[in-house]
There are 2 protein chains.
Amino acid sequence: MSDRAMHATVDDVAALAGVSTATVSRCLNAPDRVLPATRKKVMEAIRTLNYSPNFGARALASRRTGIIGAVVPTLENAVFAHGIDAFEHALPEGKFALLVASYGYDPQREREQIEALVARGADGLLLVGFDRDPAIYEWLAIRKVPYVLAWACGDAHPYAGFDNVAGIVAMVRLVLDLGHRNISMLSGLTAGNDRARNRLEGARALLAEKGLSFRGVAEVPYGLENGARAFAELMADRAVTAVVCGNDVLAAGALRAAHRMGLRVPEDVTITGFDDIDIASITFPELTTVRVPHKRMGQEAATLLQHLIDRKSGQSILLPTKIVARGTHAPPPSYKNV
Amino acid sequence: MSDRAMHATVDDVAALAGVSTATVSRCLNAPDRVLPATRKKVMEAIRTLNYSPNFGARALASRRTGIIGAVVPTLENAVFAHGIDAFEHALPEGKFALLVASYGYDPQREREQIEALVARGADGLLLVGFDRDPAIYEWLAIRKVPYVLAWACGDAHPYAGFDNVAGIVAMVRLVLDLGHRNISMLSGLTAGNDRARNRLEGARALLAEKGLSFRGVAEVPYGLENGARAFAELMADRAVTAVVCGNDVLAAGALRAAHRMGLRVPEDVTITGFDDIDIASITFPELTTVRVPHKRMGQEAATLLQHLIDRKSGQSILLPTKIVARGTHAPPPSYKNV
DNA sequence: TTGTATGCGTTATCAC
DNA sequence: GTGATAACGCATACAA
């Protein structure tokens with residue numbers, strides 16, 4: 001046994017069990033390659049010595065850490081918190097651990113976080129969206145670090161996600177079908193954020209197709225207050241009868257602003273969200289929004305990433321979104337007077 | 001240079017820079033202990049070789065990983081998502097990375113997660129609350145793994161948190177002062193959860209002190225639906241004029257149920273929350289709740305844990321909670337008829 | 001099935 | 001300030 005009250009090592013265990021260190025190692029990493037009898041001896045020695053393998057040594061020798069990194073804009077956004085939670089649950093119990101880093105929507109910081117995780121020995125990465133400096137993808141390729149992108153889709157990289165354009169198009173179509181023609185959009189910041197950008201541009205494209213365009217567009221950072229403030233500005237244009245929001249938090253902020261402005265929803269104005277997070281069913285009235293399968297996405301991403309890590313074939317997966325029609329949509333006011 | 005297109009090692013860098021590996025190592029870990037001139041040479045070699053230190057080797061030799069583990073009940077609860085987010089931001093940029101694990105409020109799984117993180121070489125741990133098998137604390141002590149507890153307070157362990165009892169007591173006092181006497185409590189599950197238990201028992205104790213007791217008590221798992229359902233059951237007792245909830249999500253669920261039951265809030269029934277997460281200001285009316293400084297707590301926890309890891313003195317810190325009086329409280333209906 | 005011996009890439013302890 | 005060199009603890013070809 002090593003002197004002092006230090007941690008036991010394989011050597012200690014091997015000595016106590018009367019086997020070689022190789023056998024001890026096998027008991028831990030490939031139990032079926034050792035006789036049940038000797039395995040029993042070894043496991044007993046492990047228990048009595050209170051042994052647990054040294055992480056650094058294991059990583060150094062095996063060239064893998066069992067650590068998976070996830071780099072998200074922020075955990076404050078329920079969308080990512082839930083996705084990460086599901087992702088983590090889908091990781092095999094003892095095999096992997098999840099290293100989480102956030103970058104506050106700052107591309108430069110995202111890059112640093114990615115590098116930090118790889119430096120920490122991450123076996124694979126979960127990233128959000130496709131938008132990032134090509135140099136990052138090259139760097140990842142050189143390092144041979146597998147990754148999966150989520151919350152979006154595309155064919156340039158492996159992903160488990162959904163089509164933001166399809167989602168917003170379905171929603172705008174609903175609003176148009178209700179009869180709205182004076183529509184504004186309350187979007188999240190689109191710079192370096194393909195999810196926000198696709199939602200905004202997707203909506204814009206559909207309108208253009210119908211020969212229409214937005215009455216107004218606001219681009220604001222994530223946050224309740226930002227949504228509320230921007231909504232007030234958008235509604236300064238009294239012609240507007242519907243405000244399509246890029247995410248549920250902005251929509252919730254808009255809804256709160258509407259209440260405070262004395263506007264009735266949906267009688268006076270239609271407000272729609274995107275994501276269908278918890279708050280969407282807490283607002284009053286409950287929010288009409290686009291449901292995204294965050295949970296399932298997290299699971300699928302975990303599965304795909306493991307395949308890539310094991311060098312097995314991995315198939316990107318596109319999940320469907322769905323309109324959840326609740327209480328914040330209605331025909332425009334003018335229709336009621338017809 | 002190592003053969004193939006493998007990653008460069010210290011040896012490669014040392015060779016290219018014309019120095020020893022020791023000097024390369026120093027440049028990375030104690031730059032001031034090397035002459036600016038040689039440092040420049042080394043850094044250049046590092047850049048051209050695209051070198052980055054091997055994590056396992058570093059951990060093995062230095063006996064520290066720079067990884068900090070956080071074990072929370074779930075990331076789905078905004079309280080923990082925000083706290084973790086703040087905690088992570090407060091960690092020195094390149095020095096530490098955060099390993100996150102969740103256990104879905106299952107004590108057995110929490111234990112496994114703690115062990116997994118320690119096995120992954122975590123230099124320190126962030127845990128939630130005090131309630132857990134003493135064996136875990138002993139195990140941690142043997143392994144000499146520093147930890148900080150949050151979202152609660154106590155003198156048995158280092159913590160950065162707040163007093164759940166004081167928080168709920170202030171709230172119940174407010175409700176009592178409004179004139180309510182027929183109060184029910186909608187609590188989270190208290191088994192193995194000292195935060196929920198302290199909130200429930202703290203409230204109960206205050207009532208007892210006033211010679212009162214709850215009309216009814218419901219204990220339900222975290223979740224909007226659970227809150228809604230339990231609220232409906234609690235209100236089956238028509239005498240109840242106030243429902244104190246153990247957290248904001250349960251309160252939001254209760255509020256939604258109230259709407260659907262045709263109850264006016266706060267005219268017909270007072271509903272209060274705890275935590276002051278985002279949803280508290282999205283409900284209609286906005287929720288009267290207990291504000292907890294999640295962000296500050298995350299930061300303080302990070303600071304304290306780093307001190308403990310560096311074997312410096314660390315002082316537990318108790319953060320204050322505060323009543324946020326918004327729109328869901330009012331005197332009981334009977335008062336209006338007086 | 002089990003044991004032997006070597007390599008993994010850094011850090012740290014010495015001398016110089 | 002810098003250089004040689006010995007740990008660090010485990011995994012894994014290879015041999016038996």
Side-chain angles (χ1 to χ4, degrees), chain A residues 1-4 6-43 45-46 49-67 95 118-121 123 143, chain B residues 1-4 6-43 45-46 49-67 95 118-121 123 143:
Chain A
M1 160 96 79
S2 339
D3 29 22
R4 319 235 281 162
M6 297 297 290
H7 296 190
T9 70
V10 265
D11 295 282
D12 303 325
V13 176
L16 181 58
V19 300
S20 75
T21 63
T23 301
V24 174
S25 179
R26 282 191 206 98
C27 282
L28 264 32
N29 304 305
D32 26 286
R33 300 201 140 216
V34 62
L35 286 182
T38 56
R39 194 194 322 166
K40 184 151 177 279
K41 277 192 307 185
V42 172
M43 291 319 234
I46 286 180
L49 288 179
N50 217 322
Y51 165 81
S52 74
N54 176 288
F55 175 68
R58 179 191 283 243
L60 178 56
S62 69
R63 308 186 141 286
R64 32 188 297 152
T65 58
I67 286 180
K95 205 171 163 202
V118 173
R120 290 273 183 323
D123 288 339
R143 289 274 187 300
Chain B
M1 160 94 80
S2 338
D3 30 21
R4 320 237 279 159
M6 298 297 290
H7 296 190
T9 72
V10 266
D11 295 282
D12 303 326
V13 176
L16 181 58
V19 300
S20 73
T21 64
T23 299
V24 175
S25 179
R26 280 191 207 99
C27 281
L28 264 31
N29 303 304
D32 26 287
R33 300 199 138 216
V34 62
L35 286 181
T38 55
R39 193 193 322 165
K40 184 151 177 280
K41 275 193 307 182
V42 173
M43 290 319 231
I46 286 180
L49 287 179
N50 217 323
Y51 165 79
S52 74
N54 176 287
F55 176 67
R58 178 186 281 233
L60 178 56
S62 69
R63 309 187 137 286
R64 30 190 298 152
T65 57
I67 287 180
K95 207 173 162 201
V118 173
R120 290 278 185 316
D123 288 339
R143 289 274 187 301

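So that the names make sense, note that chain A is the first sequence line, chain B the second, and so on, each numbered from 1.
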Check every strand shown and say whether [X] touches a base, only sugar-phosphate, or nothing at a heavy-atom separation below 4.0 Å.
X: B:Val10; answer: base
X: A:Leu35; answer: sugar-phosphate
X: A:Phe55; answer: nothing
X: B:Val19; answer: sugar-phosphate

Give the nucleotide from the list D:dA11, D:dC10, C:dT10 with an atom nearest to the side chain of B:Asp11.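 Of all the options, the side chain of B:Asp11 is nearest to C:dT10.
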
Would you mind telling me which of C:dC8, D:dG3, C:dT10 lies closest to the side-chain atoms of B:Pro53? C:dT10

Under the 3.5 Å rule, do the base of C:dG3 and the side chain of A:Arg26 count as making a donor-acceptor pair?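 Flag set: donor-acceptor pair detected.
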
Can you check the A:Leu28 CG to D:dG9 C1' distance for me, whole Å? 13 Å

If I compare all heavy atoms of [X] with all of [Y], which pair ends up nearest, and what's the gap?
X: B:Arg58; Y: B:Leu28; value: NH2-CD2, 4.4 Å
X: B:Met43; Y: B:Cys27; value: CE-O, 4.4 Å
X: B:Gly56; Y: A:Ala59; value: CA-CB, 3.9 Å

Give a yes/no on whether any side-chain N or O of [X] is located under 4.0 angstrom from OP1 or OP2 of [N].
X: B:Thr23; N: D:dG1; answer: no
X: A:Thr38; N: C:dT2; answer: yes
X: A:Arg63; N: C:dG9; answer: yes
X: A:Ser25; N: D:dA11; answer: yes
X: B:Asn54; N: C:dC8; answer: no
X: B:Arg58; N: D:dC8; answer: no
X: A:Ser20; N: C:dG3; answer: yes

5' precedence on DNA chain C between B:Tyr51 and A:Gly18 (nearest-nucleotide basis):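 The 5'-side residue here is A:Gly18.
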
When rounded to the nearest 0.5 angstrom, what distance separates OG1 in B:Thr65 from CZ in B:Arg120?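 The CZ atom of B:Arg120 is 11.5 Å from OG1 of B:Thr65, to the nearest 0.5 Å.
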
Pick out which of B:Val13, B:Asp11, B:Asp12, B:Thr9 makes a side-chain contact (heavy atoms from CB on, under 4.5 Å) with B:Thr21.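 Going through B:Val13, B:Asp11, B:Asp12, B:Thr9 one by one, the side-chain contact (heavy atoms from CB on, under 4.5 Å) with B:Thr21 is satisfied by B:Asp11 alone.
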
